[in-house]
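Worksheet: one structure, shown below.
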Amino acid sequence: YQRIRDRYGLHHLTTFINGDVPFYEREARLKRMEQGCYRLVYFTPEQLERSYVLESLQRADAAVGVRYLAMDEAHCISQWGHDFRPSYLNILHRLQRRELQPRIIALTATASPPVRSDICDELGLDARPWDQGGDVLVHSANRPELSLVVRVTRDTAAKAAGIVQDLRQLERYNKDNDYPGAALLFMPYTGGDPDRVTGGSGGAQSTGVSPFASYLELELGRKVAIYHGKMDSDD
């Protein structure tokens with residue numbers, strides 16, 4: 001939302017509707033949408049499960065027209081996707097039941113062939129490639145600033161020790177660097193309450209965010225920031 005506003009100068013012509021917006025403000029934004037005040041409105045998929053939001057979209061369509069439905073992170077539609085979210089399912093069907101017929105575009109950077117097929121089935125798109133008359137356009141971008149290194153370790157303890165070694169090397173590098181770098185470490189599980197970071201040295205064996213963060217704090221002697229999806233509202 002902010003990027004669209006700042007980059008393209010839309011400012012008051014765009015808004016968003018999610019669970020962080022107080023209900024009274026949500027209603028005000030929906031009313032302005034119905035009056036045609038916005039050219040672009042962002043919704044979380046959970047909001048498009050709510051009947052009053054769908055009814056507002058229906059009124060907006062009757063008044064000014066809802067022309068496009070752009071679905072970002074479209075792999076979330078697919079049960080084969082890495083980040084499946086049930087709220088993404090049936091969005092198009094819910095709109096169609098309200099007699100809304102927007103033109104659809106689905107965007108994702110992480111869709112394998114089975115995921116692409118699943119997305120097309122869900123959204124009623126032609127799964128054939130664009131140059132064969134279908135709706136699927138696959139474009140690969142060269143990202144020379146990114147690299148992928150795979151290391152094989154004998155066990156979890158060796159993997160944890162390797163991560164600590166890399167972080168210490170980064171600390172040494174930053175001491176003489178005018179532009180210090182930072183490190184992001186991704187873990188497969190949230191690992192419990194982020195306000196109760198526990199685990200200590202035993203966290204080296206954990207695949208959870210919070211226990212492993214405790215292990216890193218103990219090893220590095222500095223605070224480690226934690227973030228994961230359960231820290232957000234469900235909306």
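Hydrogens, waters and symmetry mates play no part in the numbers below; they use all other heavy atoms, side chains included. Keep in mind it's a predicted model, so treat the numbers as computed, not measured. FYI, the numbering just counts along the sequence from 1.
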(message) Test: ring-ring contact (aromatic ring centres under 6.0 Å, His included). Region: residues 93-145. Which pairs qualify, not counting sequence neighbours?
(response) none
(request) Measure the spacing between CD1 of Ile226 and OG of Ser210 and express it to the nearest 0.5 Å. (result) 4.5 Å
(message) Under 3.5 Å, is there a donor on one side chain and an acceptor on the other for Ser78 and Asp118?
(response) yes
(message) Minimum heavy-atom separation for Ile77 and Leu123, please, with both atom names.
(response) CD1-CD1, 3.9 Å
(request) Any chance you could lay out the salt bridge (Lys or Arg N to Asp or Glu O under 4.0 Å) test for Asp20 and Arg26, step after step, and finish with the verdict? (result) CA-CA 9 Å; Asp20 293 331; Arg26 220 179 303 173; over 6 Å; no
(message) I'd like to know if Leu137 and Leu69 are part of one continuous hydrophobic network [Ile/Leu/Val/Met/Phe/Trp/Tyr, side-chain heavy atoms within less than 4.5 Å].
(response) no
(message) Going by salt bridge (charged side-chain N to carboxylate O under 4.0 Å, His left out), name the residues that satisfy it together with Asp72, two or more places apart in sequence or in a different chain.
(response) none
(request) List the steps and the verdict of salt bridge (Lys or Arg N to Asp or Glu O under 4.0 Å) for Arg168 and Glu171. (result) CA-CA 5 Å; Arg168 285 177 175 157; Glu171 286 186 314; 5.7 Å; no
(request) Mind checking side-chain hydrogen bond (donor to acceptor under 3.5 Å, both in side chains) for Asn90 and listing every partner two or more places apart, or none if nothing turns up? (result) none
(message) Would you compute the distance between atom CD1 of Ile119 and atom CD1 of Ile104 and round it to the nearest 0.5 angstrom?
(response) 12.0 Å
(message) Just verifying a value: how many Å separate Tyr52 OH and Glu27 CD, rounded to the nearest 0.5 Å?
(response) 7.0 Å
(message) Working note: Phe16 + Tyr38, criterion side chain to side chain contact (heavy atoms under 4.5 Å, CB included); need CA distance, chi angles, decisive distance, verdict.
(response) CA-CA 10 Å; Phe16 62 94; Tyr38 302 123; over 6 Å; no
(message) Is it the case that the side chains of Thr108 and Glu73 hold a donor-acceptor pair, with the cut-off being a distance below 3.5 Å and no angle test?
(response) no
(request) Begin with the C-alpha distance, continue with both residues' side-chain angles, and end with the deciding distance and a verdict on side chain to side chain contact (heavy atoms under 4.5 Å, CB included) for Met71 and Leu107. (result) CA-CA 6 Å; Met71 303 187 70; Leu107 306 168; over 6 Å; no
(request) Using atom types as modelled and distance alone, determine if a side-chain donor or acceptor of Glu217 lies under 3.5 Å from a backbone N or O of Val224. (result) yes
(message) Check this for me: does any side-chain nitrogen of one of Asp135 and Arg116 sit under 4.0 Å from a carboxylate oxygen of the other?
(response) no
(request) Taking the six-membered ring of Phe43 (Phe, Tyr or Trp), confirm whether the NZ or CZ of Arg50 is under 6.0 Å from its centre and within 45° of its axis. (result) no
(message) Do Leu40 and Val21 sit in one hydrophobic cluster, given that two such residues count as connected whenever their side-chain heavy atoms are within less than 4.5 Å of each other, even indirectly?
(response) yes
Please tabulate, for side-chain N and O atoms in residues 94-101, each donor-acceptor pair with protein atoms closer than 3.5 Å (sequence neighbours left out).
{"residue": "Arg94", "atom": "NE", "partner": "Leu48", "partner atom": "O", "Å": "2.9"}
{"residue": "Arg94", "atom": "NH1", "partner": "Leu89", "partner atom": "O", "Å": "3.0"}
{"residue": "Arg94", "atom": "NH2", "partner": "Ser87", "partner atom": "O", "Å": "3.3"}

Show which side-chain atoms of residues 176-184 pair as donor or acceptor with protein atoms under 3.5 Å away, not counting sequence neighbours.
{"residue": "Asn177", "atom": "OD1", "partner": "Tyr179", "partner atom": "N", "Å": "2.9"}
{"residue": "Asn177", "atom": "ND2", "partner": "Tyr173", "partner atom": "OH", "Å": "3.2"}
{"residue": "Asn177", "atom": "ND2", "partner": "Tyr179", "partner atom": "O", "Å": "3.2"}

(message) I need the Ile163 CD1 to Glu219 CD distance, nearest 0.5 Å.
(response) 11.5 Å
(request) Taking the side chain as every heavy atom from C-beta outward, state whether Pro102 and Arg67 have any atom pair closer than 4.5 Å. (result) no
(message) Could you check, using the six-membered ring where one of them is a Trp, whether Tyr189 and Phe212 have ring centers closer than 6.0 angstrom?
(response) no
(request) Output the distance between atom CD (Glu25) and atom CG (Leu30), rounded to the nearest 0.5 Å. (result) 10.0 Å
(request) Starting at CE of Met187, measure out to OG1 of Thr207 and round the result to the nearest 0.5 Å. (result) 6.0 Å
(message) Evaluate Val138 against Val136 for side chain to side chain contact (heavy atoms under 4.5 Å, CB included), listing each step before the verdict.
(response) CA-CA 6 Å; Val138 179; Val136 176; 3.9 Å; yes
(message) My understanding is that only residues two or more places apart in sequence, or in another chain, count here; which of them pass side-chain hydrogen bond (donor to acceptor under 3.5 Å, both in side chains) with Arg172?
(response) none
